[in-house]
Structures are given as structure tokens and as C-alpha cells.
Amino acid sequence: MLNETASIFLLAVAALIPLLLGAAWAWQRFYREDQSDTARTIAKNSALPIAANLINKAIDFGFAVIALRFLGPEGNGAYAFVALIAGLYFLTITNWGLNDLAVREAAPDLSRAPRLFSITLLLRLGITTLLLPIAALLVVGYSLLERPLSSAEITALALLMLHLYPAALAAACSASFQAYQRMEVTALVVLLTNVVRTLAGVGALLIAPDAPARVVALAAVALAATVLNAVIFYILQRRMLFRAPLVWDWPTGRDLLREGFPLLLNSLLLAVFFRFDVVLLRAQAGVAALGLYDAAYKVINMTQIVPPYFVAALFPLLARYAVTDRAALERMYHRALGLLQFVAWPVAVGGTLLAPVIIAVLGGRAFLPGAALALAILIWYLPLSYANGVTQYVLIALRRQRAITVAFVIGAVFNLGMNLLLIPAYGYLAAASVTVATEVALLLPFLRTLQREGAMPPLLRLMWRPALASLIMGAAMWPALVLSPWLAIAIGASVYPAALWALGAFGPEERALMRRMLSKSGVSSGRAH
């Protein structure tokens, strides 16, 4: 039955490839660029990538449904651990904040983009090489613990370390497209390579004989998919943006390393207080407990569809307004913050009510009830996480990245200390609760910095309406859950917007902005410029 489900999923995903190629042709043929229209630019750079990411997340969810059943809690925990080390911690270090710096410096003057691409790429490759012996030391360190890494984990980690090299090229190209405000290209490339990765991943799961072999196979697929992603990005950059010979400049490189270090530190601290619990769970509770916790986190990852692309679309404009029009920056920030709260609150309430159903669909009975309990707690990080995400980029645009490092230090110390205190007694449920509490620890110093900058957001005013409307939605959904989760979802989908409207959440400015963005679809006859 599982093999039949995997085969059907393979056919469905494979069918996306001609559709994606057709969409790419149609976009190139009919879309007209107009950088003078801000609303149109934001709509194109956020709505289209968000739509692509929705498809990506649907594919990822389907793949997770299959992978969790093939891997089981222990296999899932093993792969989650090595993916965290290479795909989060080490990948964050190789980035060094260079994406944000390249976009910030190139967006006002695109003639600088080729040189920045070359220098940042060489920096990423050098940093990756320096990380290889650190990965070896990590393996040695775990061998001294009661739960050393298995041979499958070690092999998978080695493959994922190699994937950092093509990932460096892909990230440098992605920053170039973001600086040119061509985020739809990035979204399409990521979607296409994700389709290929998923096809190869399901095939690997079907062929590999047991869970350890499947862990290694998934790492090999990740390496191959990243190589494909980098090649496509580089070809498109040469054809659509610029051709950049590899050049090196020590003064510029040193400046980028120095400017990027606070961003790197911020990202690492963010990774510590969001995912260091994985390291502690692996060491103190084993791969099975980690597998349950990671299953809940797969759902949490799906809640990050909107913010990255929405904020990425805003960031070049925020960087420009920070220099030219401070009032416009504050207005854009407040509107973006309000729109994200409209999304976060109903997801948090609905996710809490539907957690057992979601986990049953995702991983099956082997992951119940533990993963469902973890999800019901974790989901409440969302409203503050959305606020913290957009606020971070506002502060970067204001060149206050060194100031927000303090906030991340506070959050990391709080998270690490509470996890060390609580995980030995309460396991992954403690890790989930600490994740939510850490968002509060991060928000408070963020707000203090904004207050000093004179850009304090009216956070309570922006939150109370979606929060109350979501609670009304939850009250309406709860009785229906006894009959059918689909009925509960349908009721919630109708009650929430009605409650928002009744509470006056859609004011004249919000309605005018939505009308303008909807009317500016950005599609007309003629070729792309």
C-alpha cells in the first residue's frame, strides 16, 4: 500500500515539470516589468514567489508523509540531526550574512552586482572549506557520548557537507536576482529543483532496503539536487542579469566579512535558540524522541511560507526608504506587520485544534500522540515569529544589525538555559514550550531598539483584532471537530474573515492597498524587459 501511494505521488509530482516549463515560457512572453510602480513590484515579488512556495510546501508535505513512514521515528531523527548540522548551522556560517549585504549594497546601484557576486561567492567557498575539519571534530565528539553517531549518520553528514559547495553558488546567484527584484525567477528555479529532488527522493526511499540506507540515500539526493539548482541559477544569471568573471578584492572582502559578522552572529544565535534543542534531544533523549519532535517541526516549517518571500520582496524597498524616506519606511513596516498578523493568528488557533489530525496524516500512528502534543505547543510561536521576522529586516535596513545582536544574545541565552534545565525532565514538550517563550525574549529588545529609532510599531493595535477573530473562529470550529475535521476547517474559513470584518480590521487604507495590488496583476502583452 505504501509503495502504491509513493508511485502515485511520483506521477503527480512528475506532471508538474511540463506545467512549470510552460509557466516559465508564458511569464517570459507576456510579463512587463515596471519598477516605477511600487505596488505592482511588491505584488510580483511577493505574491508569485508565495504561490510557488505554496506548491513547494505541498510537495514537501507529500514527501514528508511518505518519508516519515519509510524512516520511522528513529530514521527520521537520524536524518533530521545531520540535516540540521549541515543544512542549518554550517549553511548559516557559509552565508555569513552575505545575502543581505549583497542585496543592500547592490539594490541602489545595480552596477555593483557583478563584483559583489564574485567576491561573496569566493568568500562562501573559502568558509565552506574551513568547516570540513569542524564537521570531523563533531563526529569525534559524539563518539565520546553514550549515543555516538551511526555509520549512516556519518556518511549522510559527509554528503551534506559536500552539498555546501554548490549551495554557495546558488545562494550568490539568488542574492543577485533579489537585488534586481526578480524574485519570481528564484521561486521558479527553487520549485523546479524541488520537484526533481522529490522525484529522486521517493525513488531512493523505494529502492533503499532499510532505514539507515534511506538516510544515506536522502543525503545523496540532496547533494545532487543542490548541484542542479546551482547550475540552473548560474546559467540564468548569465543570460538574464550579467556575466561576472571571478575577481577578488581583499579590502572589499574584509569589509564584507566585518559587516556580515553581526548578521552571521544574529543568524547563528537565531539558529541556536530555535534548533539547538535538536542537538540536546539527540544527546539526552535519543533519535526516536528527536524523530517525534522533528515530525511536529515539519508542520511548523510549512507555516513559514509567507514571511520569507513577503519580507524578501519588501527588503530592497525598505533599504531604499531607510535612506530616502523614513516616513514611508515606517508606513510600509506597520502595514506589513499587520498583514502578517492576519495570517499568523488563525493558523495558531487552527493548528492547535487540528494537531492530532495533522500528525496522523503526516506520519501515521507511530508519531501519535507525542508529535501532536509538540505541534499544539509549537504552533503558538507564530504570531510573534512573524512580527520578529519583519522587524529584523527593518533594523537591517536602518543599519542597526549590530544593535539587534543584543536581542539574539538574550534570546539564545534564554533558550539554551531553559532547554538545558527542562529537556532532561520533560523532553521534547519542554523544547516546544521554550521555543514559544523565546519569541517573547527576542521581541522585547527589538521593541526597545525601535523605540530609540522612533519607529515603535503599534503592536497591540495590530494584533488584537486578528487574535480575537481567531478565538471566535476556534470556538466555532471546536464542536464541529467531533463530526469532521473538514467541516471544522470549512467553518473556520468562513467565520474568521467575517469576524475580522465585524471587528473593523479592514480599514480604508487596507482596502485601497488590496484593490491596488489586485488590479496591478503585472501581466500584459509584450515581452519582458
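Since the model is a prediction, treat every value here as computed from it, not as a measurement.
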Once the angle between the rings of [X] and [Y] is folded into 0 to 90°, is it parallel (under 30°), tilted (30 to 60°) or perpendicular (over 60°)?
{"X": "F446", "Y": "F408", "value": "perpendicular"}
{"X": "F242", "Y": "Y180", "value": "tilted"}
{"X": "W380", "Y": "W345", "value": "perpendicular"}

Is a side-chain N or O of [X] found less than 3.5 angstrom from the main chain of [Y], in a donor-acceptor match?
{"X": "Y496", "Y": "F342", "result": "yes"}
{"X": "T303", "Y": "V299", "result": "no"}
{"X": "S118", "Y": "P114", "result": "no"}
{"X": "N388", "Y": "L384", "result": "yes"}

Of the options V279, V434, L281, which is the one that meets N419 in a side chain to side chain contact (heavy atoms under 4.5 Å, CB included)?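 The residue from V279, V434, L281 that satisfies side chain to side chain contact (heavy atoms under 4.5 Å, CB included) with N419 turns out to be V434.
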
Are the side chains of [Y] and [X] in contact, using a 4.5 Å heavy-atom criterion?
{"X": "V495", "Y": "M477", "result": "no"}
{"X": "L121", "Y": "L169", "result": "yes"}
{"X": "L373", "Y": "I377", "result": "no"}
{"X": "L116", "Y": "L98", "result": "no"}
{"X": "D294", "Y": "V278", "result": "no"}
{"X": "L459", "Y": "L443", "result": "yes"}
{"X": "L450", "Y": "Y333", "result": "yes"}

Show, in sequence, the C-alpha distance, side-chain angles and deciding distance for L191 and I59, and conclude whether the side chain to side chain contact (heavy atoms under 4.5 Å, CB included) test is met. CA-CA 9 Å; L191 179 56; I59 294 172; 4.1 Å; yes

Result block: side-chain N/O donor-acceptor pairs under 3.5 angstrom for residues 244-252, not counting sequence neighbours:
residue	atom	partner	partner atom	Å
D249	OD2	R115	NH2	3.1
D249	OD2	T252	OG1	2.6

I134 CD1 to L138 CG distance, which is reported to the nearest 0.5 Å: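 With rounding to 0.5 Å, CD1 (I134) is 10.0 Å from CG (L138).
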
Other residues, nucleotides and ligands only: do more than 12 of their heavy atoms fall within 6.0 Å of CG on L130?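 Yes, CG of L130 has more than 12 neighbouring heavy atoms, counting only those of other groups under 6.0 Å.
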
For R124, which residues count as a salt bridge (charged side-chain N to carboxylate O under 4.0 Å, His left out) partner, sequence neighbours excluded?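 Checked R124 against salt bridge (charged side-chain N to carboxylate O under 4.0 Å, His left out); zero matches.
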
List the steps, then state whether side chain to side chain contact (heavy atoms under 4.5 Å, CB included) holds for N95 with L264. CA-CA 8 Å; N95 182 49; L264 166 66; over 6 Å; no

Pairs touching residues 458-471 that satisfy side chain to side chain donor-acceptor pair (under 3.5 Å), sequence neighbours left out: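 Side chain to side chain donor-acceptor pair (under 3.5 Å) check on residues 458-471 returns no pairs.
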
